[in-house]
Protein chains: 2
Amino acid sequence: MSSEALAKAAGVKSTQLRKDLTYFGQFGTRGLGYDVDQLAHMISDLLGTNSLQPVVLIGVGNLGLALLSYKGFAAEGFEIVGAFDVDTKRRREKPLTTPLYDMSQMENVVQARQVKMAILTVPASAAQEVANRLVAVGITGILNFSPIVLTVPEDVVVNNVNLAIELENLSYFVQH
Amino acid sequence: MSSEALAKAAGVKSTQLRKDLTYFGQFGTRGLGYDVDQLAHMISDLLGTNSLQPVVLIGVGNLGLALLSYKGFAAEGFEIVGAFDVDTKRRREKPLTTPLYDMSQMENVVQARQVKMAILTVPASAAQEVANRLVAVGITGILNFSPIVLTVPEDVVVNNVNLAIELENLSYFVQH
DNA sequence: ATATGTGAATAGGTTCACAGCC
DNA sequence: GGCTGTGAACCTATTCACATAT
């Protein structure tokens, strides 16, 4: 498959795609294009999603619950090995397939399963404190849905997803 | 409040914050800083969130359902005036506060309420077709949660949120 | 004294243009 | 002939440095 065709599918320009790939090596054949299977395998390797990646989720409110049933994570090689909340008894519609633990068990599970990544869907007021506990027990990547700026050591990566900001961004462009 | 303090709260550098603000005017007082209330009002005006913005949500699966109960949207000046799904009878735990309509009603509601923005949480296979219908009836901003690249006219803005990619991104940095 | 506003300098990212290889 | 890989050119965004205002 040519970089042109791949780029169209990804929504970027073909030169961008080629330049980006070369940061990791040379994977194409001149005159021919790229072997899609080989490329997919290389990228999975790079992302570390060839082996199933354990992830924990903290905060089983509306959003946390939705993410637990979101099939996209499993499809991309992630397994939520545990969900944690201060209230494990709240009634929930569907029986969860993910084990639900009390917050006090967080450290145990993270250490036992050697988890490195956490999805943080707790209220803003609790986010920093939970983040501190996660970092202390070995988490080095946090996907943060709380609308606050987390303070973490520099070897810890935080990815922020702020749904209200996404809508505000859209709102701006719709107005102008 | 100084740009220094505002910048710390936002997680950016103070020069960045000042430069960005000046693209829209001069709002600070030298030697003193910024009036926070006035600044907040100016930004809301700019984003169009001072008046309540009507939004529709298409696709009431797990993720759509979570977004319907997400309080952050209302807090930032958005009102989901209608949710649409092919199956309006599926049993749901909580009674929704948002009216749930059949997909066939989408055009009616969007036109009646003069809606300009849509949250798209349908399966990937349906996303492009639904987007076409939304654009045809006057939507000019789409917050797309489907993992596909939508094709829309250039006067329509699409913001993509791909949760699996966010985790993959994190996974990369955790590995390296 | 303190903190903004901004031109100039720097850094970072994207696109071009084409040599190199199949 | 077709398509990759890549230095060079270009464009955009961030940071610096300081004149300006209170």
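Order of the sequence lines fixes the chain letters, A, B, ..., with proteins taken first and strands second; residue numbering starts at 1 for each chain.
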**Q** How would you list, by chain and number, every residue that makes a side chain to side chain donor-acceptor pair (under 3.5 Å) with B:Q128, sequence neighbours excluded?
**A**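 Side chain to side chain donor-acceptor pair (under 3.5 Å) list for B:Q128, sorted by chain: B:N132.
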**Q** Evaluate A:L21 against A:M42 for side chain to side chain contact (heavy atoms under 4.5 Å, CB included), listing each step before the verdict.
**A** CA-CA 10 Å; A:L21 285 177; A:M42 179 281 283; 4.0 Å; yes
**Q** Could you give the distance from CG (A:L63) to OG (A:S146), rounded to the nearest 0.5 Å?
**A**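 Output value for this atom pair is 9.0 Å.
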**Q** What is the distance from atom CD1 of B:I58 to atom CE of B:M106, rounded to the nearest 0.5 Å?
**A**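 Between atom CD1 of B:I58 and atom CE of B:M106 there are 5.0 Å.
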**Q** Hey, can you pull the residues of residues 31-44 of chain A with a non-hydrogen atom under 4.0 angstrom from DNA chain D?
**A**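 Going residue by residue through residues 31-44 of chain A, the ones with a heavy atom under 4.0 Å of DNA chain D turn out to be A:G31, A:L32, A:G33, A:Y34.
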**Q** Taking 5' to 3' order, which nucleotide of DNA chain D is first and which is last to have an atom within less than 4.0 Å of a heavy atom in chain A?
**A**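 That gives a stretch of D:dG2 to D:dA8.
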**Q** Among residues at least two apart in sequence or on other chains, which ones pass side chain to side chain donor-acceptor pair (under 3.5 Å) with A:T15?
**A**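 Scan of A:T15 (side chain to side chain donor-acceptor pair (under 3.5 Å), adjacent residues dropped) gives none.
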**Q** Could you identify which residues of residues 147-155 of chain B place a heavy atom less than 4.0 Å from some atom of DNA chain C, listed by residue number, or say none?
**A**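 None - not one residue of the stretch has a heavy atom sitting under 4.0 Å from the strand.
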**Q** For C:dT4, does either OP1 or OP2 sit under 4.0 Å from a side-chain N or O belonging to B:S3?
**A**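 Checking C:dT4 against B:S3, a side-chain N or O does come within under 4.0 Å of OP1 or OP2.
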**Q** With ring-ring contact (aromatic ring centres under 6.0 Å, His included) as the rule and sequence neighbours excluded, what pairs involving residues 33-81 of chain B come up?
**A**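 Residue pairs passing ring-ring contact (aromatic ring centres under 6.0 Å, His included), neighbours aside: B:Y70-B:F73.
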**Q** Can you run down the ring-ring contact (aromatic ring centres under 6.0 Å, His included) pairs that involve residues 125-171 of chain A, sequence neighbours left out, and say none if there aren't any?
**A**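 ring-ring contact (aromatic ring centres under 6.0 Å, His included) check on residues 125-171 of chain A returns no pairs.
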**Q** Only counting residues at least two apart or in another chain, list the ones meeting side chain to side chain donor-acceptor pair (under 3.5 Å) with B:N162.
**A**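 Once residues adjacent in sequence are excluded, B:N162 has no partner under the side chain to side chain donor-acceptor pair (under 3.5 Å) criterion.
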**Q** Holding to side-chain contact (heavy atoms from CB on, under 4.5 Å), I want the full list of residues that pass it with B:Y172, two or more places apart in sequence or in another chain.
**A**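 For B:Y172, the residues satisfying side-chain contact (heavy atoms from CB on, under 4.5 Å) (neighbours in sequence not counted) are A:F24, A:L46, A:L47, B:H176.
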**Q** Suppose we screen for ring pair (Phe, Tyr, Trp, His ring centres under 6.0 Å). Which residues come up paired with B:F173, at least two apart in sequence or across chains?
**A**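 Testing B:F173 for ring pair (Phe, Tyr, Trp, His ring centres under 6.0 Å), a comparison that skips the adjacent residues, returns none.
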**Q** What about A:I142 and A:V161, same hydrophobic cluster or not, with Ile/Leu/Val/Met/Phe/Trp/Tyr joined at side-chain heavy-atom distances under 4.5 Å?
**A**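 Shared cluster, no.
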**Q** Pairs under 3.5 angstrom, nitrogen or oxygen only, protein versus nucleotides 10-19 of chain C, please.
**A**
unit_1, atom_1, unit_2, atom_2, d
C:dT14, OP2, A:Q16, OE1, 3.1

**Q** Output every pair passing side chain to side chain donor-acceptor pair (under 3.5 Å) with a member in residues 102-115 of chain B, not counting sequence neighbours, ordered by first then second residue.
**A**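 Residue pairs with at least one partner in residues 102-115 of chain B: B:D102-B:S104, B:Q105-B:N108, B:E107-B:R133.
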